[in-house]
> 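Please read through the structure below; I'll follow up with questions.
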Amino acid sequence: MLDSRYDSKEIEARIYRDWEQSGFFNPDQCVAKGVTKKNAKPFSIVLPPPNVTGTLHMGHAAMLVIEDIMVRYARMRGRKTLWIPGTDHAAIATQSKVESLIYKKEGKNRHDLGRENFLARVTQFAAESHATIVNQVRRMGASIDWSREAYTLDDSRERAVREAFKRMYDMGLIYRGARIVNWDPKLQTTVSDDEIEWVEEKVPLYYLKYGPFVIATARPETKFGDKYVVVHPKDTRYAKYKDGEKIDLEWINGPVTATVVKDAVMDMSFGTGAMTITPWHDATDFDIAERHGLDKEQIIDERGRLLPVAGEFAGIKIKDARAAIIGKLKEKGLVVKVEEGYEHRVATSQRGGGIIEPQIKEQWFVAVNKPFMKSGKKTTLKELMRRAVAQKKIKIVPKRFEKIYFHWIENLRDWCISRQIWFGHRVPVWYRSTDAHGRPNGTPSDSRGVEMCVGETPKGEGWTQDPDTLDTWFSSGLWTFSTLGWPKETKDLATYHPTDVLETGYDILFFWVARMVLMTGALLNDIPFRTVYLHGLVRDEKGKKMSKTAGNVIDPLEMIEKYNADATRLSLVVGAAPGSDIKLSEDKVRGYRNFTTKIWNAGRFVLMNYRPEFAEVKISMSAADKKYLAGAKRAKREVARYVENFQFHRAAEHAYHYLWHTFADKVIEVKKGDLKGSDAKKAASAYRLLEAILRECLQMLHPFVPFVTEELYKNLPRKESEFLMIEPWK
RNA sequence: GCGCGCUUAGCUCAGUGGUAGAGCAACUCGUUUACACCGAGUAGGUCGGGGGUUCGAAUCCCUCAGCGCGCACCA
């Protein structure tokens, strides 16, 4: 007989173990054991791999729940269902985490340890983190196929990365070049445009005398080498100056010869309509310089200090130099006006928090605007990404994110994929130069006698591998097919790709979702998934982002310990419309714990009234009972409809209401008398009805609250399946 | 600057043309065996403001306001 108390700790541990041992998380087993038809329609999802930087938070929990709902539903509907687990090495995130841990504990940096030793430490950290994460995924009840687990940095994925790099290089989509990149002086690496956080700042806007011009700038400390003054070609104020005209003038550290450049990028209404440019440290200026073939000079070094071009200011950190430079400019009478409170955005590194200093660097890039041939047609990566969604091959839920996606693509620049960090996939390129100096300064394949080998480790003497590693999103971009065995033509790849749904947070739509579309389009000429379902961020009850420093973090494991896993799951689904943030409070979890108790008690009540002799009583169902049963079936159909339309919040709520306010409050109450009365026929008929409805309830609730429903199912007197998890949903 | 979202009961939210809903919180009553992690009941909203379309609008259109977010080469 069932305990009056629902002992979640014992039950959850036991049930998860039984599920896992049954092998039914693996679709091959389901087919082998006859649970799933051999030719059943596949349903596949890849788990967005959590970073091996620590532990799972509520956002991960929300993701696991939504995916598990889809997976359990699909499995019960008879689909050949695969959910692949994995973890992400998260290059920069993990490396900087371990670096700071080691520095705090031992006072050493990565250079003190050396590349090999340091990487061993990161690998060890990643392994510990992995163990924690895997345990947490299990505790949430995820019905995921552990036999196919992958890691973005394991051997199989390494092969995929090398192959992808090689193929894209051969297609001309990956190139090495000196372009302006986002340099993080703190982490000493480049970062991509998407890894930047713009911070609004109010600074003085300086109007400086530049010969006959007045130019406005918020960053006087970068202006040393400025020798071009740019104006709009149609600006009548500057009509008397010809494009390319040279003017001698007095500047910060003495006389310079300036050249007039006319470019339509200028906004005539801003400042004086004239500006000087610093092409080495500003993306816009870089573009102007490229368009007009202008010189570019480095002013700031990799650690944020001024170079010798700054004369007396050389060696000073730019932040400290500003006041001194303004002082000198004032002395020389070059400051015309200072406008206080000018609003301006500063690029900061999302990871390290430091201020990004654009630099021109020789890096590896993915060319997004370069035409290439794809199945006989000319296209670009940008176009390919746009069309996948525009032509409705990929659907984004909620739809409004499609617009955001298109907008992002329009503004996309070439993607810088090389990083100057150690942890990650090393760039699969080898160089051999006659002077044997490792990586050369120039273009590797240029005339300076440097040989280059891409893709596989070359044979022979004197080769040096590129010291850089790849952006972590390069390997995650391959995730839907690298997890299925690509570049090998595996059966899994043929069966489960493209995947059905990619479920993730809207905050990584660009980082990840778009990159997957890009990589899959380029390499497989296909889409990675048919539907993108975006969930919101999990916030605290006041709508604030959960963070350790704010102390408002609700830990999913703690909620599971205190309440139970099913309650934790429901609290992350109900009230969470697609794409909108979820406000979570402990009260909410407690509320759903009460609901799991209600399920337990309703189920227990039905089961405790079972008598074996009911089997011998012949009954025909009354019209009223048929109506009750039909109501349950209708509720289940509604739940199914909501799940299929990705409205999990409504599905869960619907099932919740049916169980509590119809089944428990009405049907059970009405039938209670009959059940307990002396009339055997009435009792049998009441029981029969309640059990039938209970079965419907257990099914419709199972994707949301798998543990309590599975345990009740286990105690049904007659069962059709070994587990509720695989009971056909009809 | 461009774009998007939100604004419904104290709180969290559902509700896409037809007499305002749920959960939590509050209040009252109730422990005669499924459940006090409960039940029965009560109270609480001119659906952000204004205008329009319509026989009829929380729901469609316009406009304003507040909050939040995304994007952007205004130095």
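Given the structure is predicted, the values throughout are model-derived calculations rather than measurements. Order of the sequence lines sets the chain letters (A, B, ...), proteins ahead of strands, with each chain counted from 1.
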> With heavy atoms under 4.0 Å as the rule, sort A/R604 into base, sugar-phosphate or nothing.
sugar-phosphate
> What is the distance, to the nearest angstrom, from the CZ atom on A/R650 to the P atom on B/G15?
5 Å
> What integer number of Å spans the C1' atoms of B/A26 and B/C11?
12 Å
> Hey, are A/K399 and A/E402 close enough for a salt bridge, meaning a charged N less than 4.0 Å from a carboxylate O?
yes
> Looking at B/G70, which nucleotide sits across from it as a Watson-Crick or G-U wobble partner, both distances under 3.5 angstrom, or is there none?
B/C2
> Expressed as a whole number of Å, how far does the P atom of B/A34 sit from that of B/A40?
15 Å
> Indicate yes or no: at least one non-hydrogen side-chain atom of A/I693 is less than 4.5 angstrom from one of A/L629.
yes
> Would you say A/T380 and A/E383 are linked by a side-chain donor-acceptor pair, where the criterion is simply a distance under 3.5 Å?
no
> Across all strands shown, which nucleotide pairs with B/A65 by Watson-Crick or G-U wobble geometry, both distances under 3.5 Å?
B/U7
> Under 3.5 Å for both donor-acceptor distances, Watson-Crick or wobble: does B/C37 have a partner, and if so which one?
none
> Considering only the C1' atoms, how many Å lie between B/U16 and B/A58, rounded to the nearest integer?
10 Å
> Going by purine N1 to pyrimidine N3 plus the second Watson-Crick contact, or the G-U wobble pair, all under 3.5 Å, which nucleotide sits opposite B/C55?
B/G18
> Using Watson-Crick or G-U wobble geometry with both distances under 3.5 Å, which nucleotide pairs with B/U32?
none
> Grab the CD1-P distance between A/I277 and B/C73 for me, whole Å please.
17 Å
> Less than 4.0 angstrom between a side-chain N/O of A/R539 and OP1 or OP2 of B/U12, yes or no?
no
> If you measure from the C1' atom in B/G45 to the same atom in B/C13, how many Å do you get, rounded?
14 Å
> Could you work out the separation of B/C47 and B/U7 based on their P atoms and round it to a whole Å?
14 Å
> Please work out if A/G273 contacts a base, only the sugar-phosphate, or nothing of the nucleic acid, heavy-atom cut-off 4.0 Å.
base
> Does A/W660 have a side-chain nitrogen or oxygen under 4.0 Å from the phosphate oxygens OP1 or OP2 of B/G39?
yes
> Expressed as a whole number of Å, how far does the C1' atom of B/G48 sit from that of B/A36?
40 Å
> Identify whether any heavy atom of A/K676 sits under 4.0 Å from a base atom; if not, whether one sits that close to sugar-phosphate; answer base, sugar-phosphate or nothing.
sugar-phosphate
> Using a 4.0 Å heavy-atom cut-off across all strands, classify A/E343 as base, sugar-phosphate, or nothing.
nothing
> Under 4.0 Å between any heavy atoms, over every strand shown, what does A/N411 touch: base, sugar-phosphate, or nothing? Just pick one.
sugar-phosphate
> Counting any heavy atom closer than 4.0 Å, what does A/R345 reach on the DNA or RNA strands: base, sugar-phosphate only, or nothing?
base
> With sugar-phosphate meaning primed atoms plus P, OP1 and OP2, does A/H654 contact a base, only sugar-phosphate, or nothing at under 4.0 Å between heavy atoms?
nothing
> Are side-chain N/O atoms of A/S8 and A/N564 paired as donor and acceptor at under 3.5 Å?
no
> Between B/C60 and B/G15, how far apart are the two C1' atoms, rounded to whole Å?
16 Å
> If we take the C1' atom in both B/G23 and B/C62, what is their distance in whole Å?
36 Å
> We want to know whether A/K223 and A/T276 form a side-chain donor-acceptor pair, criterion being a heavy-atom distance below 3.5 angstrom.
yes
> Nearest to the side chain of A/A577, which nucleotide is it out of B/C35, B/G5, B/A14?
B/A14
> For A/A218 and A/K403, take the nucleotide of RNA chain B holding the closest heavy atom to each; which residue's nucleotide lies nearer the 5' end?
A/K403
> Hey, are A/D226 and A/T278 close enough side-chain-wise for a donor-acceptor pair under 3.5 Å?
yes
> Side-chain N or O of A/N609 less than 4.0 angstrom from OP1 or OP2 on B/A34?
no
> Please report the distance, rounded to the nearest Å, between CD1 in A/I668 and P in B/U33.
17 Å
> Need one value for A/K588: base, sugar-phosphate or nothing, where a base atom within 4.0 Å counts as base even if backbone is also close, heavy atoms only.
nothing
> Once you apply a heavy-atom cut-off of 4.0 Å, does A/A602 come out as touching a base, just sugar-phosphate, or nothing?
base
> Quick one about A/D263 and A/H232 (side-chain donor to acceptor, distance below 3.5 Å, no hydrogens or angles considered), yes or no?
no
> Does A/H649 or A/H657 map to a spot on RNA chain B nearer the 5' end, using the closest nucleotide for each?
A/H649
> Any base atoms under 4.0 Å from A/A664, or only sugar-phosphate, or nothing? Heavy atoms, all strands.
base
